[in-house]
Each structure stands twice: as structure tokens, then as C-alpha cells.
Visitor: 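Mind looking over this structure? Questions follow.
Chain identifiers are assigned alphabetically (A, B, ...) following the order of the sequence lines, protein sequences preceding nucleic acid strands; residue numbering begins at 1 within each chain.
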Amino acid sequence: MVSASEYFGNVWKTLSTTWGGMKITGKYFLQKPIPVQYPDERLPIPDRYRGIHYLEQEKCINCLACARACPIDCIEMDAIRHGKELEWVTFTLDYQKCMFCELCVYPCPKDCIHMGTEYALVTYDRSELNYDLLSFKGMSRDARIRKKEAEEKKAAKDAAKATKAAKAAPAEEAPAEEEKGEEG
Amino acid sequence: MEFQAIVDRLRALNAPGIVEVDEPRAPDKETKDKGRSGRPFVMIEPASLVDILHLCRDDERLQMEVLIDITASDPAVDDANLWILVELLSVKHRHRLALKALLPKANPVLPSATAIYRAAQWHERECAEMYGVTFEGHPDPRNILLPDDWVGHPMRKDYEFPTEYHGISCE
Amino acid sequence: MTDLKQQHTPSIQPSSEEERILPSGEREFFFDVSTSDLEINMGPQHPATHGVMRVLLRTDGELVTGAQPHLGYLHRCAEKIGENVEWLQYLPYTDRYDYLSAMNNNLGYSLAVESLMPELEIPRRATLIRTICAELNRIASALIAYGTYGLDIGAFTPFFYAFREREWIQALFEKICGARLTYSFIRIGGVFNDAPPGWLKEVGMFCDVFEEKWREYYDLLVENHLFVMRTKDIGIISEEMAYDFGLTGPMLRGSGVDFDLRRDMPYMDYKEIWDAGVYQIPLGRGEKGTTGDCWDRFYVRVQEMMESIKIVRYCLEVIEAGPVIGDVPKVIKVPPGEGYVGIENPRGELGHYVHSDGGKIAVRCRVRAPSFVNLAVLEDLMPGTLLADSVAIIGSTDIVVGETDR
Amino acid sequence: MSFLALVQDTITKDNVMGTPHDGGNFVTELLAKIRPEWLPEWMFILTAVGIAVGFIVAMVSVIAMWSVWMERKVSGHIQCRYGPMYAGGWHGWAQTLADGVKLLLKEDMIPKGADRALFWLAPAIVLAGIFGALAAMPLSYDWYFARMDLGVFTILALGSTTTIGVVMAGWASNSKWSLYGAMREAAQVVAYEIPLGVSLLCPLMTLGTFSLLDASREQATLFGWDCGMGWAVFTNPFNMAAFVIFWIAALAETKRAPFDLPEAESELVAGFLTEYSGIRWSFFFMEEYAAMFLMSVVGAVFFFGGFETPLTALMRAADLEGGVLYNLVCFGTLVLKAFAGVFLMMWLRWTLPRVRIDQVMTMGYKYLTPLALLCVLLTAVWEYVRYLVVG
């Protein structure tokens with residue numbers, strides 16, 4: 001049983017607090033909405049935004065510091081050193097794995113990997129999320145020809161060595177072939 | 001109360017099964033001891049865990065009303081023991097106590113603390129599925145986070161990851 | 001609680017046709033209707049389970065007679081990962097168990113690791129920025145709790161108002177660390193970045209605006225009579241029950257227990273802030289119903305927002321220029337040791353037990369998740385309530401499933 | 001021919017309930033003017049029926065489409081956001097159209113365990129009820145489908161048949177959540193029919209008629225002065241209280257928040273709608289919005305003057321009564337008042353939390369019903385005193 005005061009108190013409380021709430025919602029109904037209409041207008045992105053990485057490739061020395069710092073090993077990098085020049089084989093970042101923690105940015109000795117302000121990662125295929133961060137291969141044409149010649153020479157030498165080794169001991173054949181495969 | 005006072009109190013109450021006190025120590029170069037940092041523990045016998053918990057909860061000067069955590073740790077693959085870690089909190093006296101017990105991996109059986117703290121129920125279920133510790137007298141010894149048919153105890157250091165689960169390849 | 005099947009007792013025992021002869025000599029037939037309780041699967045995809053949690057409900061009409069939470073749908077092996085990655089590399093993973101209060105998780109983990117590194121000194125500015133971020137994140141988390149609780153009860157609009165302010169907090173975090181949800185900002189030894197210019201001033205502006213808006217939240221939902229009727233005297237957790245289930249945080253304070261790790265076991269600079277008399281600990285006092293009911297817990301969370309604002313304001317006053325990170329190497333090697341540090345997460349005591357053998361990788365990285373512990377109380381709270389109350393009770397525990405399952 | 005004769009009687013002599021009146025259904029009246037000589041009688045009747053039915057169907061669709069768009073905009077602006085903004089250009093006016101097309105094109109799914117016949121029938125029954133109720137709604141003083149002396153009873157009776165459809169839908173879905181929704185709906189409607197009817201008795205006593213047209217006409221005069229402001233809520237203070245009760249009961253009848261327990265999305269997933277999808281699902285929504293509109297019409301007619309505003313009084317003074325313009329103004333007035341009611345329903349929905357089922361019952365039986373009865377008593381006293389004083 002409820003007493004009469006409680007009974008009418010309940011009625012009064014319900015109506016008054018409902019009206020109190022309606023005043024607030026009514027106030028906002030008359031105000032201008034806050035959101036921005038996304039594709040047409042966009043909010044400014046702060047400088048420190050952790051979006052898709054970009055690489056200052058000319059500075060990079062292929063030290064693997066970022067790849068080692070990555071908690072999920074999503075950075076893969078490989079380059080061939082020719083004196084002072086680097087020929088890049090690969091520098092990919094797998095955004096299927098990446099969790100945008102920025103841990104790869106801090107250890108870089110040359111301060112060359114950054115997180116950009118680009119954030120849209122829309123693809124039709126998951127494999128496209130394995131981004132290539134390289135903008136150029138890092139060698140002039142002459143250097144590439146010279147390098148190719150040197151490589152061919154070396155490959156020929158290795159092949160000769162390998163055939164010699166194969167003749168000498170057939171058991172060692174397998175590792176020799178593996179070596180060749182790696183260089184190729 | 002400070003840690004030392006708690007230990008003294010426990011000793012004064014003749015708490016069963018207290019082995020020693022595991023306190024942090026500075027590194028010593030002569031004995032090539034790397035030292036240990038962190039917090040102090042009271043080492044206890046696993047069999048007397050329930051009695052000590054009972055004591056800790058009911059003694060008016062300790063009054064550990066809240067069981068914060070029961071968990072285990074597997075220090076290394078070749079270590080013969082699991083470490084059982086229990087964390088207690090006294091809301092009234094605002095102090096903590098950590099207990100540690102060494103439990104042989106060969107036969108990890110521990111009495112369940114569910115009767116003393118209901119909070120132990122889920123912690124023990126998790127500990128049981130992850131480390132393979134059997135809690136005797138647990139009212140509901142099912143897996144809690146893992147599926148019911150999971151094989152092995154994943155948090156053990158010697159756990160081998162399965163290559164497939166119900167025909168789904170996990171490689 | 002044992003298996004639901006074993007407990008199953010139909011409300012009316014089935015029986016065959018029965019013939020009785022009344023004293024007057026008339027014959028009376030009874031056709032007892034055989035009824036049984038209905039078992040309903042609430043979840044894993046249900047709007048009220050706040051993620052992927054499953055509660056097996058046994059109901060007799062609208063009355064819930066039994067409930068059993070089933071976890072593990074979001075289990076991501078956070079603790080096992082901690083044993084496989086370096087100390088600093090585990091930091092992004094800490095963001096992900098309680099994704100609504102990632103700053104506090106970062107903080108808890110960092111403090112736990114720092115407790116093993118006695119030589120490490122944390123600069124004062126770093127500590128203050130940590131405090132500001134942790135408290136702002138506490139507000140953001142409480143805003144979610146406020147909004148989603150309204151949603152559970154059926155009020156849609158408070159959710160959007162709460163998100164409006166939360167967006168601002170997220171924008172603030174975006175400015176200081178670049179992420180909106182998984183910050184990885186508070187790191188071992190300090191914080192990653194110093195606050196950008198003007199950031200602290202904007203935090204002050206936020207505090208001013210928030211105080212106004214908070215009043216509206218209060219009038220719109222907390223004081224609303226329909227809301228009060230829905231939440232009072234529901235899911236009552238007594239003091240003893242709270243102790244027994246190991247509840248911490250707002251769940252414990254909702255039951256009227258005056259305990260807050262920030263004050264009672266101070267970490268960082270909370271002792272100084274408490275001594276300065278900046279904040280109070282809001283407690284559930286049974287203002288609308290019984291102490292420890294859903295309304296009390298909700299009330300504590302809403303009040304805590306204002307206390308956090310006061311702490312932030314104090315930190316903004318005393319903050320000075322200086323370094324923001326201690327002397328930490330790039331690859332952290334933690335001296336051997338074991339430590340446990342519990343901090344006051346928005347949901348309770350977030351404990352990290354870390355065990356190092358002196359190497360680059362942890363031996364054990366245990367997370368004592370408050371949601372996991374707080375959820376256990378459901379089994380006892382649910383029986384005897386109505387179906388709609390069960391939703392209110394789940395909401396009032398304010399769980400984050402990422403944390404219960406880790 | 002007996003059925004057609006009945007239909008003919010219904011349309012031409014408009015004596016669905018009560019005594020026949022002068023004048024006829026406005027559709028037949030309009031058609032009679034352009035009826036060619038050679039058209040046989042039965043064809044004429046069928047055409048008239050077809051046009052009337054088409055008109056009501058179109059009305060329900062337009063009301064539902066406009067209300068859905070309005071709901072989205074109102075909720076959006078209350079929640080500090082815009083709501084639909086793109087479809088159609090100006091503030092997303094065509095959003096509901098686009099949604100309707102999408103719903104039409106969706107796969108028609110019936111769960112495996114469902115009772116197919118009932119599952120199929122439920123939306124039809126829900127819609128049939130609301131169509132019937134809408135037919136009793138006058139559009140203006142001279143425009144109406146059927147002039148009924150007991151119009152308000154017809155509307156309430158036909159309007160609550162939708163409950164049967166909802167319960168059917170919940171049962172046929174073979175889902176536990178749906179069943180809960182259906183049971184809640186049944187309990188709720190039974191509880192709130194009483195206060196709804198009883199609270200309506202207050203203005204009925206004040207106005208002295210059950211007919212919507214007469215009720216509206218009654219409210220034209222305030223203290224004998226034809227100013228269009230003699231609304232029931234002004235002439236009798238207890239009618240205001242009765243209106244609050246009526247409104248709360250109407251919210252429960254139309255299962256709008258805070259009484260949206262049958263679908264209670266945070267508790268019952270979507271209640272009786274859980275298993276419905278596509279165009280079938282949208283039928284339930286059409287019903288909901290049409291019912292909201294209808295309840296608002298009843299509220300507007302019996303409490304807030306129906307077609308009457310000072311404007312209509314002015315037009316009467318200018319001797320424009322009976323003309324197309326006058327009827328249009330009357331129609332517009334009613335629609336505006338009704339949509340003001342719909343807006344109030346939306347405003348309440350986006351403000352309040354949901355009520356629990358036992359509180360729904362408590363509120364219905366323990367609060368609204370006695371208070372409504374009290375209102376009836378006080379209104380009766382007031383009216384008697386007024387009769388003694390004014391005469």
C-alpha cells in the first residue's frame with residue numbers, strides 16, 4: 001500500500017521530471033546540430049594524428065629498427081647495399097595487422113618513418129592492405145646496369161663453383177643450390 | 001599495516017604453512033645475484049592456502065575482506081613448480097598482502113577457496129583452464145574463457161599451439 | 001552456481017489428471033497444466049550485453065529465475081601475448097582489453113613495470129600529464145557508462161549527449177597522442193609526447209563546459225522519476241556481498257563502502273591531490289531506494305565525473321614545464337622481480353602482476369580485470385528480477401567485454 | 001447482390017452506426033457529379049469503393065512516410081545531429097521513399113520454424129485494423145467517408161484490433177523474444193483500454209456527442225461566442241487532466257516509448273518484430289505511425305477543438321462555410337493539430353526511459369484508471385454546475 005501523499009507524490013514527480021527532461025531535449029531541438037557532414041566537410045586532423053605511415057626513403061638506412069620495434073611484426077623491409085646507395089627490394093607495412101601504436105616511429109635513428117594524416121583504408125581485397133611504402137627504387141639506371149653485370153658475373157662464378165663442388169661431393173649439392181636461390 | 005607487521009601478525013596467530021618471506025633484495029655482484037625488485041610475498045604451503053585465507057579474512061587486525069586475485073605463473077619450461085599467487089586487500093585497514101605458493105607441475109592440486117571468498121570462483125576457473133591446476137571442491141569447474149573442449153593449458157610455458165581447431169586451420 | 005539444467009525446477013509440477021471428491025460429494029477434475037521455465041539465450045549478440053557476452057537466462061514469464069554468464073567470446077590471449085613481446089611492445093595491447101579507458105590501462109601497466117625499476121625516476125610533468133589523461137579518460141568512460149545505461153533503460157537521447165562530450169575528450173586525446181581510442185600514450189618511464197601548445201588551455205575550457213552539461217545529464221536521466229523507478233531497489237549488493245565477490249571501484253562504492261585506491265593506496269600524485277582537498281569520494285547512500293542498488297552505482301559513476309574534473313583542474317594549476325619521460329632505454333630491460341600494482345580504473349581495481357627474469361620479455365603478465373570480477377556477481381543478482389531488470393543489472397555492472405575476456 | 005447492396009447502403013446512406021444523416025459520403029458525392037449515364041450501378045459502387053480504399057491506403061502511406069521522416073529529423077535534432085540529409089536533396093526528404101524501395105526489394109524471409117500462414121497474415125491484420133479506423137476519421141466538416149454518430153467508438157474499437165495482429169506476429173515468429181513482445185503487447189493494451197476510454201468520457205460529457213464532426217462543431221463557441229476557441233480543455237479544467245491521462249494511455253496503445261515494451265530493443269532485441277524483415281516489417285511501422293496519427297486526431301478533436309481555430313470562425317463570419325476553401329482550412333487545421341500531437345509523442349519518446357512491465361501495469365490500473373474515473377466524476381460535477389449557472 002502506498003499512502004496518499006506518496007501516491008500523488010509519484011504522479012507529481014513523474015510529470016515534473018518528465019517536463020524537466022523535455023525542457024532539455026526541447027532546448028537542443030531548437031539549437032543547431034553539431035556534426036559536420038562528413039564527405040563534404042571534414043574536421044581538421046591534428047598534426048600528431050596516427051594515420052597511414054609515410055617513409056622518407058632517401059633518409060632510410062635499412063637498419064630494421066622499426067621492424068624490430070613493431071609488436072606484431074607487420075613491417076617487412078629489405079634492401080641491397082651498393083656502397084652508399086641502397087637498392088630497395090621491399091618496404092611493406094601490412095595494415096591488416098598494424099594497430100597504429102606509433103612504436104615504430106620512435107626508435108628510428110634517422111627519423112624517417114612517420115605516421116601521416118591519411119586514414120581511409122578502404123579496399124576491395126584484403127591483400128591490398130599490404131601497403132608498399134617505397135616511392136622509388138633508389139638507384140640510377142647506370143648503377144642498375146653496372147649492378148646487374150656484377151650480379152651476373154658473380155652468379156656465373158657461383159655456378160662454376162657449385163658445379164665444381166657438386167662434382168667433388170654430391171652431398172653438398174643441396175646447400176649450394178639454396179645459396180644460389182637466395183642471391184637470385 | 002605494513003608488510004612486516006602483517007607477517008608478524010600471521011606468525012603470532014600461528015598461521016599454518018608459512019614457509020618464508022620473499023622480499024625484494026638489492027643485486028649483489030659478489031655472489032652474482034641479480035637481486036629482485038618489486039614487492040614482498042609471503043611464501044606458503046599450497047595445502048594450507050585455505051586455512052591462511054580463512055585466518056586473513058577473519059582476524060580483526062588483518063581483516064582482508066576482499067580477495068583481489070588468484071592466479072598462477074609458470075616461471076620457465078624446465079621449472080618443476082607453478083607459482084600460485086594470491087592477492088588480498090583489506091578495505092578497512094587499507095593494506096594488501098600477497099601470498100605465493102609453489103605447486104609442483106606434476107600434480108597441481110590445490111584446495112578451492114570458493115567457500116571463503118566467492119570471488120575465487122571465477123579466478124580459479126580461469127587459473128584451472130589456463131594452467132591445469134585442479135581446485136578441489138570447486139562447485140563449478142568448467143572452462144570460463146576457453147571453449148569447453150579445449151585441449152591443453154595455454155598459459156603453460158610448454159604449451160604447444162594446436163595447428164587446427166575443429167577443422168579450422170590456425171597456422 | 002551449478003549447471004542450469006540441474007537446477008531446473010518447473011514452477012508448477014506436472015501431474016496427471018486428478019479426480020477429487022469434494023466434501024459435498026461432488027466430483028472435481030483437475031487438469032494441471034504442465035509448465036516449465038523458458039531458457040533464453042541473451043547474447044552473444046544482444047543489444048544489452050555490451051559486446052559479445054552471453055547470459056543464459058531461465059525465466060518464468062517475465063520473472064528471471066536463473067542466470068548464468070558465459071564468457072570467452074572476445075578472448076584474445078592478452079596475457080599470453082604479454083609473455084611473447086617486449087615490455088614496451090606490450091603497451092599497445094593494454095589499450096585493448098578495456099578499450100574505453102585505454103589511458104588507465106596504459107597507466108596501470110606502466111606503473112607495474114616501473115615498480116620493478118627502482119632507479120627510474122618519473123618527471124613531475126609526466127606524472128601530471130598522466131593524471132590529467134587518466135582522469136579525462138575516466139570521464140570519457142563514465143560518459144559511456146552513463147549513455148549506455150540510459151540506452152539499456154530505454155532512453156536514447158542521453159547517449160548522444162554523453163557522446164558529444166566524449167567526442168571532445170577524444171579530440172583532446174587525438175591532439176596529444178594522435179589516437180582516439182587506443183592511445184598507447186602513457187609509457188614506461190613517463191609519457192610519449194609532451195602536450196602540444198594550447199592543449200592544457202583547451203582542457204581547462206572543456207572542464208568549464210562540462211560542468212554545465214553535467215547538470216543536464218543529471219536532470220535528464222539521473223533524477224528522472226521513470227528512471228529512478230526502473231533502477232531503485234534492483235540488483236541490491238550489500239556490503240558483505242560486495243566484499244565476498246571481490247568487487248572494487250564504483251560497484252563497491254555504490255554499496256556504500258568508502259574505498260578508493262586513489263586515496264587509500266595512493267599511486268602517482270593522488271596523495272598530494274587528496275591532501276590538497278581537491279576531490280571527494282562519492283558513495284551510494286540509498287538515496288532513492290536501498291543502498292547498493294542499481295541507481296546508487298549509476299549515481300556514483302555520474303558523480304565521479306565531477307570529481308575527476310576537479311582533479312584535472314588542480315593538475316592544470318600546478319603543472320610546470322619540464323621533461324616528460326625518464327631515462328628509459330629504447331629496448332627496456334626490466335630487472336628481475338615480481339610486482340603487483342593495482343590502480344583505480346573506471347571500473348574498479350585494475351591490477352597488473354608482472355614478473356621479470358631480467359630479460360626483454362616478461363615471464364608473466366597477469367591482468368586482474370575489474371570487469372571480470374564484477375561480472376561474477378550477476379549470477380546472484382539476477383534471480384527474482386524481471387526480464388527488464390536483468391538488463392538494468394547488466395548495465396549497472398558497467399562491464400567492458402574486452403576486459404572480461406581479455 | 002446482397003453484399004453489394006450492403007456496400008451501397010453503407011456508402012450512400014452512410015448509416016454504419018446510428019441514424020442516417022443528410023448528405024453523403026464525399027467520394028460518392030463527387031463521383032455522382034461526373035457519373036456517365038451508361039455506367040451501371042454496381043460498377044459505379046465498385047469504383048467508389050475502390051477510390052475510397054485507395055484514398056485511405058494512400059493516406060496511411062503518406063502519413064507513415066512523413067511521420068518516419070519527421071521522427072528521424074526530430075530525434076536527430078533533439079540529439080544534436082541532423083538526421084537524414086542526402087536522399088532527395090533538401091534535408092533528405094526522400095529518405096523514407098528510398099527506404100521503402102529498399103524494403104520492397106529485400107528478400108522476403110520467413111523463419112523455418114515459423115507458422116507461415118499466421119506470419120503472413122499478421123501484418124495484413126495489423127494494417128486492416130488501422131485502415132478501418134482511419135475510415136472513421138473525418139477530413140473536414142463536409143469531407144468524410146462515413147458519418148458516424150459513434151465515430152470515436154469505431155476508431156477505438158477498430159484501432160485496438162491491431163493488437164491481434166501483433167500477438168499473431170509474436171506467436172507465429174516462433175522466437176522467444178517475439179513471444180515476449182506479443183504477451184507484453186496484449187497485457188499492455190488490455191490495461192490501457194480502460195483509462196483511454198474513461199478519460200475520453202470527460203470531453204464526451206462536456207461536448208455531449210460521440211461523433212467527431214459534432215464534437216468539433218461543439219467547440220466552436222466559447223461562452224456563446226463563435227470564436228473557434230471553445231475547446232474542451234478551455235471550457236472545463238478537468239479535461240486538461242483527462243487529456244494527460246488520455247495521452248499517456250494513447251502512448252501505451254500505440255506502443256510508443258516510454259511504453260514501447262512490445263519491441264523494447266534493449267531488452268527483447270526487437271520484440272514481436274525480431275523475425276520480420278523487408279516490406280512486412282515496414283507494415284508494422286506504417287501501422288504504428290498511422291495509429292499515432294489517429295490517436296492525435298482523436299485527441300485534437302475531443303480536447304483541442306478539432307477543425308476549430310479562430311481562422312475557421314473568421315471564415316464562417318465571412319460566410320465562406322461549405323466552400324472548398326473552408327473545407328481545406330478545416331482539413332489543414334486538423335492535420336496540423338494531429339501532427340503537433342505526433343511531435344509531442346516523438347518529443348516524449350526521445351526524452352524518457354522505458355517503463356518496466358510491472359510499472360506499466362501499475363500505472364495503468366492503479367494510477368490512470370482511478371484518476372480517470374476521478375476526472376469523470378469531477379467533470380460531471382463541473383458540467384452540472386455549469387448547466388445550473390449558464391443553462
Visitor: Quick check on C/R76 against chain B: is it the side chain, the backbone, both or neither that has a heavy atom closer than 4.5 Å?
Guide: neither
Visitor: Please list all pairs meeting salt bridge (charged side-chain N to carboxylate O under 4.0 Å, His left out) that have one or both residues in residues 80-93 of chain B, counting only residues at least two apart or in different chains.
Guide: B/R39-B/E87, B/E87-B/R96
Visitor: Does some side-chain heavy atom of C/P69 sit less than 4.5 Å from a side-chain heavy atom of B/W122?
Guide: yes
Visitor: Flag the one option from C/V377, C/V373, C/L116 with the top tally of heavy-atom pairs under 4.5 Å to chain B.
Guide: C/L116
Visitor: Can you name the residues of residues 70-84 of chain B that have some heavy atom under 4.5 Å away from a heavy atom in chain C?
Guide: B/I70, B/T71, B/A72, B/S73, B/D74, B/P75, B/W83
Visitor: For B/H95, which atoms come within 4.5 Å of any heavy atom of chain C: side chain, backbone, both, or neither?
Guide: backbone
Visitor: With side chains defined as the heavy atoms from C-beta onward, is the minimum distance between C/F245 and B/V66 less than 4.5 Å?
Guide: no
Visitor: Among C/L247, C/D380, C/D357, C/V257, who wins on heavy-atom pairs under 4.5 Å with chain B?
Guide: C/D380
Visitor: With side-chain contact (heavy atoms from CB on, under 4.5 Å) as the test, would you mind laying out the steps for B/D69 and C/Y353 before giving the verdict?
Guide: CA-CA 10 Å; B/D69 200 1; C/Y353 167 79; 5.6 Å; no
Visitor: If we ignore hydrogens and angles and just use 3.5 Å, is the side chain of C/D244 paired with the main-chain N or O of B/R118 as donor and acceptor?
Guide: yes
Visitor: Show every salt bridge (charged side-chain N to carboxylate O under 4.0 Å, His left out) that has at least one partner inside residues 42-62 of chain B, sequence neighbours left out.
Guide: B/R9-B/D59
Visitor: Rounded to the nearest 0.5 Å, how far does CG of C/D264 lie from NE2 of B/H93?
Guide: 13.0 Å
Visitor: Please classify the contact between C/E79 and chain B as side chain, backbone, both or neither, with a heavy-atom cut-off of under 4.5 Å.
Guide: both
Visitor: For each of C/H75, C/E240, C/R366, tally heavy-atom pairs with chain B at distances under 4.5 Å, and name the one with the top tally.
Guide: C/R366
Visitor: With the side chain counted from C-beta on, respond yes when B/I68 and C/T248 share a heavy-atom pair under 4.5 Å apart, and no when they do not.
Guide: yes
Visitor: Would you find more than 12 non-hydrogen atoms of other residues, nucleotides or ligands less than 6.0 Å from C/R285 atom CZ?
Guide: no
Visitor: Quick one: of C/R368, C/H355, C/H70, who has the most non-hydrogen atom pairs under 4.5 Å with chain B?
Guide: C/R368
Visitor: Is it the side chain or the backbone of B/I144 that comes within 4.5 Å of chain C heavy atoms, both, or neither?
Guide: both
Visitor: Are B/V91 and C/Y243 side-chain neighbours, meaning at least one heavy-atom pair lies under 4.5 Å?
Guide: yes
Visitor: Roughly how far, to the nearest 0.5 Å, is CE of B/M155 from SG of C/C365?
Guide: 8.5 Å
Visitor: Output the distance between atom CZ (C/F372) and atom CG (B/L145), rounded to the nearest 0.5 Å.
Guide: 5.5 Å
Visitor: Pick one of side chain, backbone, both or neither for C/P335, based on which atoms fall under 4.5 Å of a heavy atom in chain B.
Guide: both
Visitor: Heavy-atom distance under 4.5 Å to chain B: side chain of C/L375, backbone, both or neither?
Guide: both
Visitor: Can you find a heavy atom in the side chain of B/K100 that is under 4.5 Å from one in the side chain of C/E338?
Guide: yes
Visitor: Might you confirm whether atom CD of B/Q4 has over 12 heavy atoms from other residues, nucleotides or ligands at distances under 6.0 Å?
Guide: yes
Visitor: Any salt bridge (charged side-chain N to carboxylate O under 4.0 Å, His left out) involving residues 147-162 of chain B? Give me the pairs, sequence neighbours left out, ordered by first then second residue.
Guide: B/K157-C/E83
Visitor: Would you mind telling me which of B/N143, B/L67, B/L89, B/I116 has the largest number of heavy-atom pairs within less than 4.5 Å of chain C?
Guide: B/L89
Visitor: Can you give me the closest heavy-atom contact between B/A119 and C/G246, atom names plus distance?
Guide: CB-N, 3.7 Å
